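Since the structure comes first, as structure tokens, the remarks are kept for the end.
On a predicted model such as this, the values are computed, not experimentally measured, just so you know. Letters A, B, ... are given to chains in the order of the sequence lines, protein chains preceding strands, and every chain is numbered from 1.
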Amino acid sequence: MSDTHASHEWKSPEQRRGEVPAASLNEFQNPARLEEPSDSARRDFLKIMGAGAAAVGFAGCARPVEKIVPEVNRPEQFTPGSKVWYASACQGCADACGIVVKTIDARPLKLEGRKASLVGRGGLCSRAQAATYDLYDPERLQRPLVAGEAVSLKAFDETLLVELRQARSVRWLRGAYPSEVKRRSVEAFLATFQDGRETVWDPIAPDAALKVQELLHGSRILPRIRLDRADRILDLGSDFLNLYWGRLDLARDLSHRRDLDAFPEPPRLTSVEGLLSHTGTNADDRIQVRQSQVADVGFAVASEVAGIVGDSDPRIRSALAPYSIGKVSAATGIAPEVLKALAVDLAKHRGKAVALGAPTVRAQLAAGILNILLGAEGTVLDGTVSPSYQFETGTEDIAALVADLDSGKVDILFVDGVNPAYGLPESAGFAKAAAKAKLVVSLALHKDETAELARMVLPTTHWLEDWNAAEPQKGVHQLAQPTISPLYKEVRSSTDSLLAWTRVLGKPTPWNAATAHDAVQGHWADVQSGAAVAGTFEAFWEDSLRHGGHVSHALRVAREGAPAPRPLSGADLVQAAGPLSPPPEGIELAPYWPAGIREGAQANNPHIMELPDPVTKQVWGNAVLVGPARAALLGVKTEDLVHVKAQGSEFDLVALVVPGQHKDVVGVALGYGRTAKLRLLDGNPELPVWTRLAYADDGKGSGTKTPAVGVDVLRISKTETVTPLAAEVSRTGRDGRLSATQLQQDIANQAKPGDGEWRQIAIQVNWEEYEKDRKVGTPEEESKLFTVWGDPVYKSPQQWGMAIDMNRCNGCSACVVGCSVENNVPMVGFEEVRRGREMHWLRIDRYFHGELEEPQVTHQIMVCQQCDNAPCETVCPVLATTHSDDGLNQMTYNRCIGTRYCANNCPYKVRRFNWTNNWKAQGMFDLYEKTDDGRTPNAPLAMAFNPEVTVRSRGVMEKCTFCVQRVQNARYESKELGLEKVPDGEIQTACQQSCPAEAIVFGDIKDPTTKVSRLIRSERGYKVLDWLQVKPNVTYLPRVRHTADRKAVSAAVAAKKQHEDGAHEAPGAEP
Amino acid sequence: MSTPETLRQRRPLVTGGKTVHDVSLDVCAPAERWGSRGYWLGFSTSQTALFIYLCAWLLVQTIGLKLVGINNRMDWGSFIVNFVFWVGIGHAGTLISAILFLFRQNWRTSINRAAEAMTVFAVSCAGVFPMLHTGRPWLAILFVFPYPNFRGPLWTNFRSPLEWDVFAVSTYATVSVLFWYMGMIPDLATLRDRAKHPIRKYLYGLFSMGWRGSMRHWVHYETAYMIFAALATPLVLSVHTIVSFDFAVSILPGWHTTIFPPYFVAGAIFSGFAMVVTLLVPARKLFHLEDYITIDHLEVMNKIILLTGSLVGFSYITEFFIAVYSGAPFEKFAFLNRAFGPFGWAYWIMMSCNLITPQFFWFKKIRRSIPLMFLLSIFVNIGMWFERYVIVVTLTRAFVMPQWGTYVMTFWDAVILLGSFGQFMTLFLLFCRVLPVCNMSEIKAFHPDTLRQIRESHDHE
Amino acid sequence: MSEQGILGYFDGPKAIILGAKRLRKTREFKKWDAFTPFAVHTLDEAMEIPKSHLPWIVLASGLSGLAFAIWFLAWTSAVNFPIWVGGKPMLSWPAWVPIFFELTVLFSAWANLLGMLGLCGLPFRAKKPLDLRFTDDKFALWIPSDEPGYDAATLEAALRGAGASDVRVVREGDA
Amino acid sequence: MPLEKRSPSTLAGVLALAAVFVLAAYIVVVPDAWHRATNLFYYANQGYQPAQPLDYNHHLHAGIRKIPCLYCHAGIDRGAKGVVPSLSVCMNCHMAIPTKDRPKLEQLVSWYKTGTPVEWTKVHDLPDFVRFNHRQHLAAGVVCQTCHGPIQDMNVVQQWAPLTMGWCVNCHRDSTATGRHNAPTTCQTCHY
């Protein structure tokens, strides 16, 4: 098994450097060849079912015979089944966060944030968490395609080289990633042609921000935003927790500042927006305005601030001239005193306040001007010491590219890892233009929309199989190393291809590299010299590999200091800001990038598709988000089908009523409605139908199924994708279907004032009250009811508990994916989720407080509370769920007979039941499931299983275990070290580890010195439903809202109501 | 043994001037004659239903419970409803033969056999559900019973109400069968002695245990019968109490109530008697037993339905009042939600069927009108099914609002519910053909003529 | 052709009760018996057949059932394989009461049926039927030949005197 | 008594008794009836001795030649899983051992040369919902023979212990009772 040998091999890159033949797919087709853990899935299935069958006698003693296939040469110090961690860098998006990859038997299984990394700092987003499922995606392209014909890599190269030799004008289109290696490889390759040009393009790149930076400071460089230094944050429709560069750092800093034990006063985040965005749900104050008028509000506040702070640049003053608070509030219907109060508050915190704008030029400009006025430059914003290099793109470039293509003078277009055929609005006319190129070559992981257009398709490796290096922030060098050799023989990373082609064309490659590995090493040598690191390169390289990159000590120090403020450039701001436009009429359709799927690249990843949206909790598709007031006017309710007309095109889509959304704004999530032939989209005909999780039946029981992947709004959006569009919305009178983990009809209930309060489950209090009384809102001490039983005494010296700070959690849902990947939690698909059968062990409950129109949102992470007096245990007839001696509520799957009584009796409803073979729905158990032409398309999926966690079969109850596998391993290890206890912080649950906001703390609650014990003792800590006497072991810290003083807000509400009533009287505007 | 006072009768229990010999003739007739057309019609219908029932289970068990309406918000559904419903039905028989025996209600003699049979069959129907509603029945059968095993040995959790159910229901089933069987021994002997065909003779002989009607045996027999009655009385009350613990012992608002045991028992007797009426009204026609199961018998049962019905209705109102009055917010919400929430319709069906229907029996005319009592008894059955439905769907709105869900029964839920009636009717109709439908020896013992003679034998000296 | 005993038919409960009383007045019978289609109340008193000991058997069995239940639950949950469940102590006996009760009843019920059959000597010591209509509507007194002082002639007279409608001496071999 | 005549019911009683006796006899007389029961119901596979592609002889290597277990099964004290040696380990010695007219050894060598891995049939096969950690048990001083039996005397490996849950649990209990180790018996020791 020489090739698995290779894939197991290299602990150290040296070994890796010796060219390793790639593991071939046959390995996974032939069960005998599977390394033991890889087929654990199937065996679990057979065992659990088999055991049952044997029990009732109709399988007799038939038990599966298993093979052990040891390598012919087992590498040194390689132990089967033991974990190996690799430090690396995430290439999921341009942020390039630092990660560590857990591999078992050379299979990357879990990605985790790297604490030491300056980007990401230990957190990791949902997309990266799900990356392993992209790697093992059965629908990855496995062989190059030439005109639809599968060919070998060699043949592909030959065909391509013929074309290359004749080509004179070549275009290379790639995604944004701050990689010197990639950039120079492309450069060198294009240099071999008379007219070669590179275009970097990312559908959610902050192009507007770049433009505005150039406008204001004369350089296309994004500042590093240090929210930990901001006392006041003004969010002008920027969904920054979700869209900004370095968003994990923003989340971390915000939650860091919201740590009420560490800081005297939390920052105040004020959101100005029309939709209820993910960031908006975390705002302390929200000001509702049409999405198109966000910038105006920004300018108005700026002009007021300018007035207060005095000395400001004359050009700024003239630019702000048309935006007096009076005029703007007249146009927007926001009470002037609200804006005044806001401006005063911001000005008061000059130097400690920052404004973040929506990805449109005007919003960004407003934010930029505010930042200058508020002195954020040089304090909160770092544009000089270590600014962000994460994005270097511009939509002009892609526009130029399309123009080039259209002119027909382009010979070859290479599309490297991006999907413009889907990601560009129709108005850009990419498809039409691309058709005019002589040859389109797509380097892609899947046969996506662009690959459909391309005549030649080269399958690329997944980035977990690649070498790469990144510099996301100035001086912060990340090193990405492969954690598995490519799954398929006939694929090649785009960098490798570039270098190979360049060499064949007889031109020099950067660092004379033959492979990406060489190139990275070459680049790393530059890094060493650049950072003037003493010592041999080998040592430096080793060290960098171990730490996943390099940052000079000097920079680390400098980053903490104050950067220099950037001077204002001489550009004309008046023209850029433009005059105040008159108040628009009618409804505007605001497209937005949703948190989970974002630009849609992972649309074939069940973990992403079934990740509930932080705000709407919708899965498997998008919907028309309508505010309650508008819904009343239109007479639509959630799950009605509405008809939308915008930009001359129209579509029907299911409606979803979202409280706190502006009356005149309807939102639709971008990134859905892809048309590629993938099983989780409209279905891959090659795969069995039950693998198409995205299918919804028509709800009439007719059995006909239709794909539920939502509607593609990118199609009709502008180049600035989030620009609101004038739209007409009308009800069709028909019913639609949507799938959400929180039933939408309950929104109304939950938004009822007081309801939810008396339940005292998700508690939120106001800062003013909190300052007076730190226990405000939390339920009184656990009532001392009479109990016939004493308290249990646990043998183990340690007992595990958790503390969750709702003030830190922003609901980003990274933990949900992290948990699912770690614990082999199955995804169940549109219909099953719709029936309330989703399997997430960890869920984030979303609560609305206050008015339906002005709700405040609380995100509550809900996991198994591991109650001491667990009600689930008492009722299980067969002792399948019991209590361990270290106080865990343990679930023994193989003992479970599935009475589901435990789930009934769980007040937190955290237990999940396998209503069918959920994994089979993803083909996980069906390594042998053959298509007609005898292939096994699902084979690699089973490799994604975490062999440390039993895979549950049909009829078994499961739930959060506090990652007992991690607990047990830690206990064993410390036992071997002769320790009495596991040291604090040794055990990190998957959710805790992945949380960018550090909202979750896990540890020993018997030992009063641990971090978790300190939090549990915190006076604001409370336990959910404590009065039930179930003695939960998860402590919650309530959400504390630092809202502005009440008068202004109430005035605002009053004004808004008045404004609306005005609108009600003239419904002529409504379609 | 009974004393002469108890032998006085208000109305004759056997009408139509039937002699003791006629009793044997008439009661044995169904078992000795070929079934009428009406019988075969009913029998084939029930068997078809039974067949569909089995197929439905097979399918649900192969594909998984995803076929039925339950989900992670609502983990119990129609299966548990059916279970409680059938167990409830299974209360009348033992109650009639045990409690009424202790209370010297002699009118029970002509109906108790059929009622006990009904009990046994209802319990057998009920027994299917808790086993097959589990995710892995093949393991459930292995794991729920405590016996020495090779897992440690690992026993079961005797603190779990479900484990209590395992004991309660199986004990109840066993005792009902034993009681039923013992009551049948003398009648089986009668059938044996009347039998002509050697095989019939052999089989009836086998089960009649060589009963000869010896007085010395009768003494033991009567004692045993008395003891059985004494055992079955607390048992019949305990079974539904323990079933109600499945809900009452949990911590859910709307379930965690101390009123459940009495209210469940009352409900059980209520539904049980209704079912007896539903069965006997056609049965006495079909098998020409009008002279033994007289209109008087039916009227007495209607009176009991009226009583228990009012009890049930009273407890509905009580629990609602307490919940709303107690000031326990979750409890209050749960009950308001029952009445006015998304499943309000079921609540009001339950209320009208169980609270209002029986009140018609205040009127003697209705009590004694066959078609009306048949109709009303069916309404009661429907209402009692919905009572359990209402209780179970409380699950959809428990403590944590984001986990609120809904529950829609699927096609398979319905098939299995109806199919279980197929099982029940098949068994009952079989019983009517092979076993004595009425307790002959007791009817004879309480035959007006017998009673007269015994009285005279006392007045003699 | 040895005599097995003598059978005196009476028509109806009244006749047989009075008949039994009369015979009882004349002399004492140890082993006599009566065959009736149903339990003719007060006939046993008339014939002075002793009461059944069944209740004691049932009581003993019921108590042993209870004892077993207590021992079994305690041993399994606290001694043999103690497991923490819902924070309750290993010996959480209040939660076991239902099972105690059920097992008591179960044991009693079995003892009751089997005890009854045992005391009657059924099925193993079942006698050959003397008349198939005893299970229908015929009533008869039976005096076996091993009754002390058995004499067919006098007994026949006595039975007739006691009101027997018909008397039959049963010999081996006739049904 | 002369009148004692057997009624049909008697036959029933006799049959019933006979059945009970037969069952009892089966359990008493038939050798290891219990183990058959276990194998059927509890999935134990005691005595399982499948044929292996390469008839490696533990008796020869571990018994006679006294090669320590951890020489071939190296790393078993480092990881949870059992370690089956790779062909290279065999070749450490067999490089030097002539294969002439020893077909089995020739096969071994040829497999090594062609890089064909050996597909051993798994003998000691716990269900996947059981987590057994070799490393811990070795660290606790449990010797191989405790679970694998007299492996050094086996020509062909067979499953010596029943490997049922009861078997594991009782060992844990005893070692805790005798105070040798603190071997827990909570479910999550093995099941998660």
Side-chain angles (χ1 to χ4, degrees), chain B residues 1-2 4 7 19-21 24 146 152-155 157-159 163-164 167-168 171 174-175 178-179 181-182 186 189-190 192-194 209-224 227-228 231 234-235 238 242 245 440-442 444-445 449-450 453-454 456-458 460, chain C residues 12-15 17-18 21 33-45 47 49-52 54-55 58 72-73 76-77 80-81 85-86 88 92 95-96 98-99 101-103 105-106 108-110 112-113 115-117 119-120 122-123 126-127 129-130 132-137 142:
Chain B
M1 306 279 292
S2 40
L7 305 180
T19 68
V20 170
H21 180 59
S24 318
L154 183 59
W155 307 97
N157 178 12
F158 301 107
R159 305 171 182 88
E163 191 64 15
W164 301 345
F167 281 83
T171 307
T174 320
V175 174
L178 295 185
F179 197 7
Y181 173 65
M182 197 194 77
T190 313
R192 174 200 60 203
D193 294 346
R194 294 174 48 83
M209 293 265 169
W211 182 265
R212 298 277 175 262
S214 138
M215 196 60 220
R216 292 181 182 275
H217 292 177
W218 278 118
V219 172
H220 297 305
Y221 180 88
E222 290 279 293
T223 324
I227 295 174
F228 253 129
L231 288 174
L235 187 64
S238 81
I242 289 176
F245 284 166
M440 286 185 276
S441 63
E442 288 203 346
K444 290 171 183 171
D449 177 42
T450 314
Q453 292 201 30
I454 294 179
E456 291 170 3
S457 74
H458 282 275
H460 197 269
Chain C
K14 178 180 178 185
I17 291 170
L18 295 177
K21 285 188 177 154
D33 198 350
F35 294 99
T36 57
F38 53 84
V40 179
H41 301 133
T42 70
L43 175 58
D44 53 339
E45 292 150 19
M47 295 173 67
I49 294 172
K51 294 232 173 298
S52 170
L54 189 56
V58 176
F72 182 66
L73 268 60
T76 50
S77 334
N80 181 252
F81 206 143
V85 169
K88 294 180 174 52
S92 49
W96 297 341
I99 297 181
F101 171 79
E102 296 296 338
L103 283 182
V105 172
L106 189 62
S108 319
W110 277 111
N112 192 24
L113 179 69
M116 188 273 284
L117 292 173
L119 290 174
C120 301
L122 296 177
K127 294 193 180 62
L130 296 169
L132 290 182
R133 290 198 61 176
F134 286 155
T135 54
D136 182 357
D137 59 349
W142 162 252

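Just one of E222(B), H220(B), H217(B) meets the side-chain hydrogen bond (donor to acceptor under 3.5 Å, both in side chains) condition when paired with S52(C); it is H220(B). Exactly one residue among H458(B), E456(B), Q453(B) makes a side-chain hydrogen bond (donor to acceptor under 3.5 Å, both in side chains) with K14(C). That residue is E456(B).
Using a 4.5 Å cut-off between heavy atoms, D136(C) touches chain B through backbone and side chain atoms alike. Proximity to chain B is limited to the side chain of F134(C), based on heavy atoms less than 4.5 angstrom apart. Looking at I242(B), the atoms closer than 4.5 Å to chain C (heavy atoms on both sides) all sit in the side chain, from C-beta outward. The contact between T190(B) and chain C is made by backbone and side chain atoms together, counting heavy-atom distances below 4.5 Å. In this structure, the portions of L119(C) lying under 4.5 Å from any heavy atom of chain B include both its backbone and its side chain.
When each of T450(B), L231(B), V20(B), I227(B) is scored by its heavy-atom pairs under 4.5 Å with chain C, the top score falls to I227(B). Of the listed residues (E442(B), M182(B), R216(B)), the greatest number of heavy-atom pairs within a distance under 4.5 Å of chain C belongs to R216(B). Counting heavy-atom pairs closer than 4.5 Å to chain B, the top residue among I49(C), D33(C), L54(C) is D33(C). If you tally non-hydrogen atom pairs under 4.5 Å between each of S441(B), A189(B), A224(B), P234(B) and chain C, the highest count goes to A224(B). Interface check for chain B: of the options I17(C), L106(C), N112(C), T36(C), the most heavy-atom pairs under 4.5 Å are formed by N112(C).
Looking at D44(C) and W218(B), their side chains never come closer than 4.5 Å, going by heavy atoms from C-beta outward. Side chains of T19(B) and D137(C) form no contact here, defined as non-hydrogen atoms less than 4.5 Å apart.
From F158(B), atom CZ reaches atom CG of L73(C) across 4.5 Å, with rounding to the nearest 0.5 Å. Note: S77(C) OG to R159(B) CZ = 5.5 Å, rounded to the nearest 0.5 Å. Rounding to the nearest 0.5 angstrom, the gap separating the OG1 atom in T135(C) from the CH2 atom in W211(B) is 11.5 Å.
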side-chain contact (heavy atoms from CB on, under 4.5 Å) evaluation trace for R194(B) with L132(C)
CA-CA 8 Å; R194(B) 294 174 48 83; L132(C) 290 182; over 6 Å; no
Show, in sequence, the C-alpha distance, side-chain angles and deciding distance for F179(B) and L113(C), and conclude whether the side-chain contact (heavy atoms from CB on, under 4.5 Å) test is met.
CA-CA 8 Å; F179(B) 197 7; L113(C) 179 69; over 6 Å; no
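Looking at W110(C), its side chain never comes within 3.5 Å of a backbone N or O of L178(B) through a donor-acceptor pair. For the pair R212(B) (side chain) and K127(C) (backbone), a donor-acceptor distance under 3.5 Å is present.
Pairing each heavy atom of P98(C) with each of W164(B), the nearest pair is CG-CD2, 3.8 Å. Shortest non-hydrogen contact noted between M215(B) and L43(C) is SD-CD2, 3.6 Å. Of all the heavy atoms in I454(B) and P13(C), the pair that sits closest is CG1-CB, 4.1 Å. The two residues E102(C) and S238(B) make their nearest non-hydrogen contact at OE2-OG, 3.2 Å. Nearest heavy atoms, S457(B) versus K21(C): O-NZ, 3.9 Å.
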